[in-house]
Number of protein chains: 2
Amino acid sequence: MKIATWNVNSIRSRLSIVIDWLKQNPVDVLCLQETKVIDSDFPREPFEEIGYSLAISGQKSYNGVAIASRTPLTDIKIGFSSILNRQLATELDEQKRVISGQLGAVRIVNLYVPNGAALDSDKYEYKLRWLATLRDYLAHFVKEKNTELCVCGDFNIALDDRDIYNPKGKEKHIMSSPMEREALENVLALGLKDAFRKFNSETGYFSWWDYRQGGFSRNRGWRIDHHYLTPKLYEKAVACTIDIEPRKLEKPSDHTPVIVEW
Amino acid sequence: MKIATWNVNSIRSRLSIVIDWLKQNPVDVLCLQETKVIDSDFPREPFEEIGYSLAISGQKSYNGVAIASRTPLTDIKIGFSSILNRQLATELDEQKRVISGQLGAVRIVNLYVPNGAALDSDKYEYKLRWLATLRDYLAHFVKEKNTELCVCGDFNIALDDRDIYNPKGKEKHIMSSPMEREALENVLALGLKDAFRKFNSETGYFSWWDYRQGGFSRNRGWRIDHHYLTPKLYEKAVACTIDIEPRKLEKPSDHTPVIVEW
DNA sequence: GTCGAAGGAG
DNA sequence: CTCCTTCGAC
């Protein structure tokens, strides 16, 4: 089983790159973030033509998540409020950042974590609130018997300094500040582990490079796209790799796909 | 000698289409309109790499003309005010629509005639004023001894009804209204003749098709891109053809090149 | 840098 | 329909 995650920065702008990649890399599941399109405009057919089913939750201009899978996922759940019965969940669901579905005994959770803009901004507080809510959302699934979790997506957080090309002074930087790292660690304390680090403990492996000032050609990257697995699935995992090829193409996304296999 | 004219609707958006076309069709001169780029941003190198010299007069967003030639043109003149010493010429030159240069005994004049928007608009009056000024500008060259003229470009006028896919009711339409046709005829009365009509008197030959509602696939076109020649050159002309192939490509200009040969 | 939006031009 | 602009987002 191969599960990929890819922030595509507009599925309409990236359609041919994504479809070409899927043809070359026929993963079982592809989790997409930043689709930037309302559901009625999502380009479903190109995916369906190559044998993928879709579960989508889109939003005009911003955000938007989707899961393409060879086997249709069951029990699709969209947003925090599909699980959490509280006002905050409904408010956070105005931004389309959460979709999940069941694949046999595994629940695939696809997330687009808020970026946070800057440490002193309202958006940073939103990110922290969102991560606290994510914990409660995931706790629901962790409690379920006979269910393993694969929580993947664009986390907009580098868990530790190995995940940044140059970590110096990055504690004041969005994506690596202590509070957001702690908020993510609180989520992982539910019993989730970073699949990539099962296989590789070195620095220098990144999944996102800023479009600006030659971030990619200078390998100024961050590893912010992750797969977090519950213990049994983590044990089963046999590989977790980053495919940087799509980032080399013309008009790429700023992120590149990451694939876990079990 | 082959002289082509092509409204490219942004040279930056059309660069590869234009360069590919020039490689396949190594005309002596290519007159471009609607380059939509200031001179410092004009993509000179791709033209120079394939053996063309450039004379350009650009404007951000709108208008802009350029001449690419295998032999560098001499005595480049930009705008009406290069010839006409009057306030109106200077005002009209705020829009970059006129460039000309000498190729041996022939002056190549490259024009992007104003569109005119609608018959009751200020822009229509501007178009008429511009054409009246064009007459005086060209009169200067017509008077010159030993100079023939090739006046080409996007005229935004269909000279007669054969030049429109469906001329019914088009007297109230921009590009075919009586006043603008008369304004153009007044220019041609200097002694200029439409090279295309030396070789073909039929309808159904067009150089522009609206991007909207499948104008090209339904062949709802207009012949508004012309070469006008002084008598000796008109006699020498051996062909004038429209190459519709570039209009069939992905992301084409709405115009396609027209080539005169002598 | 590249995306989408909205608005104007053709 | 496709272009360009300005704008905010990331």
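Since the model is a prediction, treat every value here as computed from it, not as a measurement. When reading the values below, keep in mind they use all heavy atoms of this one structure, side chains included, and skip hydrogens, waters and symmetry mates.
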- Item | Lys127(B) vs Asp122(B), salt bridge (Lys or Arg N to Asp or Glu O under 4.0 Å): CA-CA, chis, key distance, verdict | CA-CA 9 Å; Lys127(B) 184 177 193 171; Asp122(B) 291 349; over 6 Å; no

- Item | Letter per nucleotide, 5' to 3', of nucleotides 3-10 of chain C [B base touched, S only sugar-phosphate touched, - untouched; heavy atoms, 4.0 Å] | SSSS--SB

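- Between Asn7(B) atom CG and dC3(D) atom P the separation is 13 Å, expressed in whole Å.
- Straight-line distance from the CD atom of Glu250(B) to the P atom of dC3(D): 11 Å, rounded to whole Å.
- When each of Lys170(B), Arg197(B), Arg181(B) is paired with Asp163(B), the salt bridge (Lys or Arg N to Asp or Glu O under 4.0 Å) condition holds for Arg197(B) and for no other.
- In this structure, NE2 of His173(A) is placed 14 Å from P of dC10(D), rounded to the nearest angstrom.
- Regarding Trp208(B), its CH2 atom lies at a distance of 12 Å from the C1' atom of dT2(D), rounded to whole Å.
- Between Arg223(A) and Asp194(A), at least one side-chain nitrogen of the basic residue sits less than 4.0 Å from a carboxylate oxygen of the acidic one, meeting the salt-bridge criterion.
- One can place CD1 of Ile224(A) at 12 Å from P of dC10(D), the figure rounded to the nearest angstrom.
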- Task: Step by step, work out the salt bridge (Lys or Arg N to Asp or Glu O under 4.0 Å) result for Asp154(B) and Arg97(B).
- Result: CA-CA 10 Å; Asp154(B) 174 3; Arg97(B) 298 177 174 279; over 6 Å; no

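- Using a 4.5 Å heavy-atom cutoff, the side chains of Phe155(B) and Val187(B) are not in contact.
- A cation-pi contact, defined as under 6.0 Å to the ring centre and within 45° of the axis, is absent between Lys96(B) and Tyr62(B).
- Here dC10(D) presents its P atom at 13 Å from CG of Asp122(A), a figure rounded to the nearest Å.
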